[in-house]
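Working notes, beginning with the structure itself.
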Amino acid sequence: MTDRSIVQVTLSNSPYLGNFMASELAFAAAAKSRLGLGTHFVLAPGAEEQPWLADLDAAGTTWSILPPVAGAWRAHLQDAIDEHRGALVSTHFTEADLSGAAAAAAAGVPCVWHSRTGFNEYKLRQRVKDVYKMRLVARRRVARVIAVSPWLAELNRRRGA
């Protein structure tokens, strides 16, 4: 057993635990029992009063909430990595991906992005964002982009992953 952790940047703030966070708790239990790694969840602003925070506490995980200003996210994530001895940063294809990748790179730990949703329309604005996110940042700072289905894997390849 180690005292290192996976820093899960979920950005969850739903009023209920839901399938997503329930699956992340199951993953946390497996990471603990199989790898000896703890889990620290980084949640979105608005999660402060959610009743399911008790579920995270009961599972033996730790959690923090990002500041409301996105410009402060990277520092918050770097602090979480340092405090919880991050062994891996895992983001969930959200607006925190770039901050997560930058904080992980600064700490010298791997970062993975999980892709769970996609879209069929591929507008010019999204293509421009993808050039930066997928072709510049992901190729340099992200160990893996994990898609939950073959369709999403193909979409991510088209986007530049």
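Residue numbers start at 1 and run along the sequence shown.
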Practice task
Evaluate the side-chain contact (heavy atoms from CB on, under 4.5 Å) criterion for residues Asp57 and Trp63: first the C-alpha distance (whole Å), next the side-chain angles of each, then the deciding distance (0.1 Å), finally the verdict.
Solution key: CA-CA 8 Å; Asp57 294 337; Trp63 53 271; 2.8 Å; yes
Problem - Leu11/Leu43 under side-chain contact (heavy atoms from CB on, under 4.5 Å): CA gap, chis, key distance, verdict - result: CA-CA 4 Å; Leu11 288 195; Leu43 309 171; over 6 Å; no
Practice task
Report the C-alpha distance between Val145 and Val112 in whole Å, list the side-chain angles of each, state the deciding distance to 0.1 Å, and finish with yes or no for side-chain contact (heavy atoms from CB on, under 4.5 Å).
Solution key: CA-CA 6 Å; Val145 176; Val112 295; over 6 Å; no
Handout entry: Audit row: Ser64, His76, side-chain contact (heavy atoms from CB on, under 4.5 Å) steps and yes/no
Key = CA-CA 9 Å; Ser64 62; His76 179 94; 2.9 Å; yes
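Residues passing the side-chain contact (heavy atoms from CB on, under 4.5 Å) test with Ala104, sequence neighbours excluded: Val89, Val109, Cys111. Contacts of Asp79 classified as side-chain contact (heavy atoms from CB on, under 4.5 Å), with partners at least two apart in sequence or in another chain: none.
In plain terms, the two heavy atoms of Ile81 and Ala107 that are nearest each other are CG2-CB, 3.6 Å. Nearest heavy-atom pair, Ser12 versus Ala47, reported as atom, atom and distance to 0.1 Å: O-CB, 3.6 Å. Closest approach of Leu17 and Ala22 over heavy atoms only: CG-N, 4.2 Å. When all heavy atoms are compared, the tightest approach of Gln50 to Pro15 is OE1-CA, 3.1 Å.
Cluster membership check: Phe41 does not share its hydrophobic cluster with Phe27, using side-chain heavy-atom separations under 4.5 Å among Ile, Leu, Val, Met, Phe, Trp and Tyr. Ile65 and Phe20 fall within the same hydrophobic cluster, where Ile, Leu, Val, Met, Phe, Trp and Tyr residues are linked whenever their side-chain heavy atoms come under 4.5 Å apart, directly or through other members. Cluster membership for Leu77 and Leu98, using ILVMFWY side-chain heavy atoms within less than 4.5 angstrom, is not shared.
The main-chain N or O of Gly46 is found under 3.5 Å from a side-chain atom of Glu48 such that the two form a donor-acceptor pair. At distances below 3.5 Å, at least one donor-acceptor pair connects side-chain atoms of Asn13 with backbone N or O atoms of Pro45. Remark: side-chain polar atoms of Trp52 are not paired, donor with acceptor, to backbone N or O of Met21 under 3.5 angstrom. Side chain of Thr61 to backbone of Leu56: a donor-acceptor contact under 3.5 angstrom is found. Between the side chain of Trp113 and the main chain of His92, no donor-acceptor pair closer than 3.5 Å is present. The closest donor-acceptor contact from the side chain of Ser5 to the backbone of Val7 lies at 3.5 Å or more, if one exists at all. A donor-acceptor contact shorter than 3.5 Å is absent between the side chain of Arg4 and the backbone of Leu37.
By the 30° and 60° cut-offs, the orientation of the rings of His40 relative to His84 is parallel.
Counting non-hydrogen atoms of other residues, nucleotides and ligands closer than 6.0 Å to CD of Glu154 gives a total above 12.
There is a side-chain donor-acceptor pair under 3.5 Å between Ser90 and Gln8.
Ile6 contributes atom CD1, which lies 10.5 Å from atom NZ of Lys32 (distance to the nearest 0.5 angstrom).
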